[in-house]
Amino acid sequence: IVTVGSGPLIKILYGKEYVLSGQVLSVLIWSEAGSFLGMIIGIALIARGLQKITLISASVGAVVNVILNIAFIPKWGPVGAAWATVISYSLSGFFLFLLFPSARYLWVMGAKESFTPLFIGLSCVAILNSLGRPLALFLMPILYIGGLLALRVWNSDDTRMIFSVL
């Protein structure tokens, strides 16, 4: 929803003078996938006394982010900075853990759990991005939740949990 609707959302919340920041937000939102998974794996590693791996991963991610910002910002401006963040968060929050044998099992578990929802989200964006914004915004949650249900990622326990919070 954020990828497709960031422009109209920014325009509604902040006015038309900030609408170009919607492009940045539509890219930057994807950094959350690496960030969230990295946070979960990092907490599990710290609980197992393997905090050195999280330090290495975060340090490499920071260095990569600086290097990519130096390369991307002159060419693509704020959107380049957003892409640098997506790449560095994905690297440090997900892919680097694969290199450490003691973290590999957590990486496998995280990859199994996150691949399908991420794939469904990317597929929704690819399919609906060519439609007009209002129609895409309407169809996005329907298509995403439909994909989760069809691939049995979302089950009745998830629905009960959501309604218990509401």
Side-chain angles (χ1 to χ4, degrees), residues 1-43 54 57-98 107 110-154 158-159 161-166:
I1 293 173
V2 175
T3 298
V4 175
S6 60
L9 181 64
I10 294 292
K11 186 176 179 181
I12 290 168
L13 293 175
Y14 300 106
K16 65 182 177 182
E17 59 272 8
Y18 293 99
V19 78
L20 291 178
S21 65
Q23 295 173 342
V24 176
L25 181 58
S26 71
V27 172
L28 197 56
I29 191 67
W30 292 99
S31 69
E32 296 308 311
S35 178
F36 290 153
L37 187 58
M39 183 174 53
I40 292 167
I41 292 174
I43 290 169
T54 62
S57 177
S59 299
V60 169
V63 170
V64 167
N65 191 271
V66 169
I67 291 169
L68 291 178
N69 275 317
I70 290 168
F72 290 0
I73 290 173
K75 271 187 165 177
W76 299 297
V79 174
W83 276 113
T85 300
V86 170
I87 293 166
S88 63
Y89 279 25
S90 298
L91 179 68
S92 69
F94 187 65
F95 292 110
L96 280 178
F97 292 119
L98 182 61
W107 184 91
K112 284 181 181 177
E113 292 298 320
S114 62
F115 176 77
T116 304
L118 184 60
F119 177 75
I120 293 169
L122 289 170
S123 298
C124 289
V125 170
I127 292 167
L128 297 177
N129 206 27
S130 63
L131 300 177
R133 294 290 186 233
L135 182 58
L137 286 173
F138 173 75
L139 293 176
M140 184 67 72
I142 295 168
L143 188 60
Y144 185 74
I145 292 170
L148 293 176
L149 291 170
L151 295 175
R152 301 184 191 277
V153 175
W154 186 321
D158 298 323
T159 304
M161 183 179 67
I162 288 170
F163 282 111
S164 73
V165 173
L166 298 176

Is there a side-chain contact between S59 and V63 (heavy atoms, below 4.5 Å)?
-> no
Might you point out which heavy atoms bring V19 and G7 nearest each other, and give the distance in Å?
-> CG2-O, 3.6 Å
How close do I87 and L68 get, heavy atom to heavy atom, and via which atoms?
-> CG2-CD1, 3.5 Å
For F72 and A84, work out which heavy atoms get closest and say how close.
-> CD2-N, 3.8 Å
Between atom NZ of K11 and atom OH of Y18, what is the distance when rounded to the nearest 0.5 Å?
-> 15.5 Å
Distance-only, no hydrogens or angles: does the N65 side chain make a donor-acceptor pair with backbone N or O of G61 under 3.5 Å?
-> no
Got a donor-acceptor contact below 3.5 angstrom from the S57 side chain to the T54 backbone?
-> no
Residues that W30 engages under side chain to side chain donor-acceptor pair (under 3.5 Å), provided they are two or more places apart = T3
Nearest heavy-atom neighbours spanning G110 and L37 = CA-CD1, 3.7 Å
To the nearest 0.5 Å, how far apart are CD1 in I73 and CD1 in I70?
-> 8.5 Å
Who passes side chain to side chain donor-acceptor pair (under 3.5 Å) against W154, sequence neighbours left out?
-> T159
Return the minimal non-hydrogen interatomic distance between F97 and G38, and the atom names on each side.
-> CE1-CA, 4.1 Å
If only atom types and distance count, is the side chain of S6 paired as donor or acceptor with the main-chain N or O of G22 below 3.5 Å?
-> yes
Would a distance-only check, ignoring hydrogens and angles, find a side-chain to backbone donor-acceptor pair under 3.5 Å from T116 to K112?
-> no
How many angstroms lie between atom OG1 of T85 and atom CG of L28, to the nearest 0.5 angstrom?
-> 6.0 Å
Of all heavy-atom pairs between L118 and A33, which one has the smallest distance, and what is that distance?
-> CD1-CB, 4.1 Å
CG-CG distance between D158 and L149, expressed to the nearest 0.5 angstrom | 9.5 Å
Atom CD of E113: over 12 foreign heavy atoms under 6.0 Å = no
Less than 4.5 Å apart, any side-chain heavy atom of S31 and any of V86?
-> yes
Rounded distance (nearest 0.5 Å) linking atom CH2 of W83 with atom CH2 of W76 | 10.5 Å
Are any non-hydrogen side-chain atoms of V125 and M140 less than 4.5 angstrom apart?
-> yes
Hey, could you give me the CD1/CG distance between I120 and L151, rounded to the nearest 0.5 Å?
-> 4.5 Å
Would you mind listing every ring-ring contact (aromatic ring centres under 6.0 Å, His included) that reaches into residues 116-149, with sequence neighbours excluded?
-> F115-F119
